Engineer: 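Encoded as structure tokens, here's the structure I'll be asking about.
Just so it is clear: chains get the letters A, B, ... in the order the sequence lines come, proteins before strands, and each one is counted from 1. Just so we're clear, the structure is a prediction, and the values are computed from it rather than from any experiment.
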Amino acid sequence: MANDFNHRALTVSQQIYRALLRAYPRGHREEYGPAMAHLFRDQCREAWSEARGWGLTRLWLRTVPDVVNTSVAEQLAAFNPRKSMSDKMSALFRPLTSPSSAFFTAFIAVFLLVLGTSILITFILPESYASTAKIRVESDDAKGASGAGSKLYDPYFIQTEFEVLQSQLVLNPVIQRLNLQVNWGKRYYNGEKLKTAEVLVLLKGRLRLTPVRNTSIIEITVYSEDRHEAAELANAIAESYRDYRAKAHAELVSKGMAALLQQFAEQETELRQLQARTEDFRQKFKIASDAVAIQASAEQPYWELKQQLEQRLDLQRLLTAKIDAAKLDAQMPRTLVQIIDTAEPGRAPVRPNKPLDIMIGAVAGGGLGLLAGAASALFSARFGGRGRKPVAAG
Amino acid sequence: MANSKSDSQNLLPLTPAVFHVLLALAGGELHGYAIMQEVALHTDGQIKMGPGTLYGTVKRLLEARLIEESDERPDPQLDDDRRRYYRLTGVGEEAVRAEAQRYAQIVELARGKKLIRKPA
């Protein structure tokens, strides 16, 4: 992969240089273009072997002004063919001192430098594919299958779930399942196995979560230089989140059920005690079991106990109903997260955005070129004179 | 010979780029990349000629007949046949010699004024 990258950086540089050769007059290009391209290729290789990307950048920083200066000189020479040796030599080396030529040279140099750099960076940057999985999410508070519970609006629900989606609870199982510690270690760190925390940082950097407006749908987008891996990661994250929510919900239901059963058991004990006391009072006052309440002061404690007993029995019936509802919920698992679109491998890379990057480079180059040209023309008008003649007249 | 010497004297002083290219070719015929490397070596990397400057200079030196293209290859088996080799002409040799002599005179003058010392 590193070799491919090297090869691409050098190939793209050479392609750009061959395109820049069009700045020279046709005659010069036809005669010397192949040799210049060949020389540039040798320089690229040397620069890469010396300092890799930085070497290549330094080479371009030298080459762009070289192309600008010499292509302008060759174009001028092509317009004004000179006969004598000294004229030909001086045409190449005479400084361009008139304000208009100073403006033109500075503008072209800066424009090409900025544009060339942006093109170079755009083509050197590794390509990245994006894959998106869509999930529909529902909060635990939403109405259950049994019809129990209430639907509460939580304004922070989606933001909270975004944080959950990027948490270790969801991403660690993805890292383990896809063996990213080993696979990414091989790819990015010469085979050294990465720590889970390191992979987590890398994975978060490739993950983008987007809510779909006015819905409870979340888009999980993952970027990778491997289009299949991008899709695999997006789907794995969606599945891991679904599993996490299902497990969390099951735990919640289970804990709720345990609390209800415990409450039921406590109620049952108190109910038995109350029943026993009521029965004692009934026998003590010799009251028939189907007797109706009589407001007699001697029997008053019995009737009060009986009223309490009936209230307890109502509560017990209510608890039994709740337990039945909870059991029904547990038997009919709710789909809190539904994967509505699985991620597919992208067809074309989404990063870098070549047309946009190059356009930004051209606009920035044009702006900076105008500034540099104006400064150069001003300087030339103030301090410029006729250029020296480096070679004696023949 | 007298004419070529006169021609070469007329060309002086040479620009540093031209002088360095001729100086590089004084050691024998070279291709473009080798000229560039030789110039960089002679100048401690201070002059790194780009392809545009190098082949612009070469073009004008060819037109002025100070150098010529060579058809011979040092080792055709090992060398890339797309490379173009150049060598000095008689006039070119005279020119670089005269320019070197001119530099030597300047150095002597500077020594006379104690601006520089003789190397130990």
Engineer: Please confirm whether the backbone N or O of B:Met49 pairs with a side-chain atom of A:Asp66, one donor and one acceptor, at under 3.5 Å?
Structural biologist: no

Engineer: Heavy atoms under 4.5 Å from chain A: which residues of residues 105-113 of chain B carry them?
Structural biologist: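 The stretch does not come within 4.5 Å of chain A.
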
Engineer: Below 4.5 Å from any heavy atom of chain A, which atoms of B:Ile35 appear? Answer side chain, backbone, both or neither.
Structural biologist: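 Contact with chain A involves no heavy atom of B:Ile35 at all.
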
Engineer: Give the minimum heavy-atom separation between B:Gly56 and A:Glu74, together with the two atoms involved.
Structural biologist: CA-OE2, 3.7 Å

Engineer: Heavy atoms only: give me the nearest B:Arg60-A:Ala77 pair and the separation to one decimal.
Structural biologist: NH2-CB, 3.4 Å

Engineer: What are the two closest heavy atoms between B:Tyr33 and A:Leu39, and how far apart are they?
Structural biologist: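 For B:Tyr33 and A:Leu39, the tightest heavy-atom pair comes out as CA-CD1, 3.2 Å.
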
Engineer: Tell me, do A:Arg62 and B:Lys48 make a side-chain contact under 4.5 Å, heavy atoms counted?
Structural biologist: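 Yes; the side chains approach each other to less than 4.5 Å.
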
Engineer: Report the distance from atom CG of A:Asp42 to atom CE of B:Met36, rounding to the nearest 0.5 Å.
Structural biologist: 8.0 Å

Engineer: Specify the closest pair of heavy atoms between B:Pro51 and A:Gln43, including all atoms of both residues, with the distance to one decimal.
Structural biologist: CD-OE1, 3.4 Å

Engineer: If you compare all heavy atoms of B:Arg84 against all heavy atoms of A:Ala35, which two are closest, and at what distance to 0.1 Å?
Structural biologist: CD-CB, 4.2 Å

Engineer: Is any residue of residues 14-26 of chain A within less than 4.5 Å of chain B by heavy atoms, and which ones?
Structural biologist: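 Within residues 14-26 of chain A, near chain B: A:Tyr17, A:Tyr24.
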
Engineer: Near A:Tyr189 OH, under 6.0 Å, is it more than 12 heavy atoms from other residues, nucleotides or ligands?
Structural biologist: no

Engineer: Taking side chain to side chain donor-acceptor pair (under 3.5 Å) as the definition, give me every residue that meets it alongside B:Gln101, ordered by chain and number, with sequence neighbours left out.
Structural biologist: none

Engineer: Which atom pair, heavy atoms only, marks the closest approach of B:Lys59 to A:Tyr32?
Structural biologist: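 The answer is CA-OH, 3.4 Å.
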
Engineer: Taking the side chain as every heavy atom from C-beta outward, state whether B:His31 and A:His38 have any atom pair closer than 4.5 Å.
Structural biologist: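 Heavy-atom side-chain distance check fails, nothing below 4.5 Å.
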
Engineer: In residues 352-362 of chain A, which residues are in contact with chain B at a heavy-atom separation under 4.5 Å?
Structural biologist: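 Those residues of residues 352-362 of chain A which would need a heavy atom under 4.5 Å from chain B do not exist here.
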
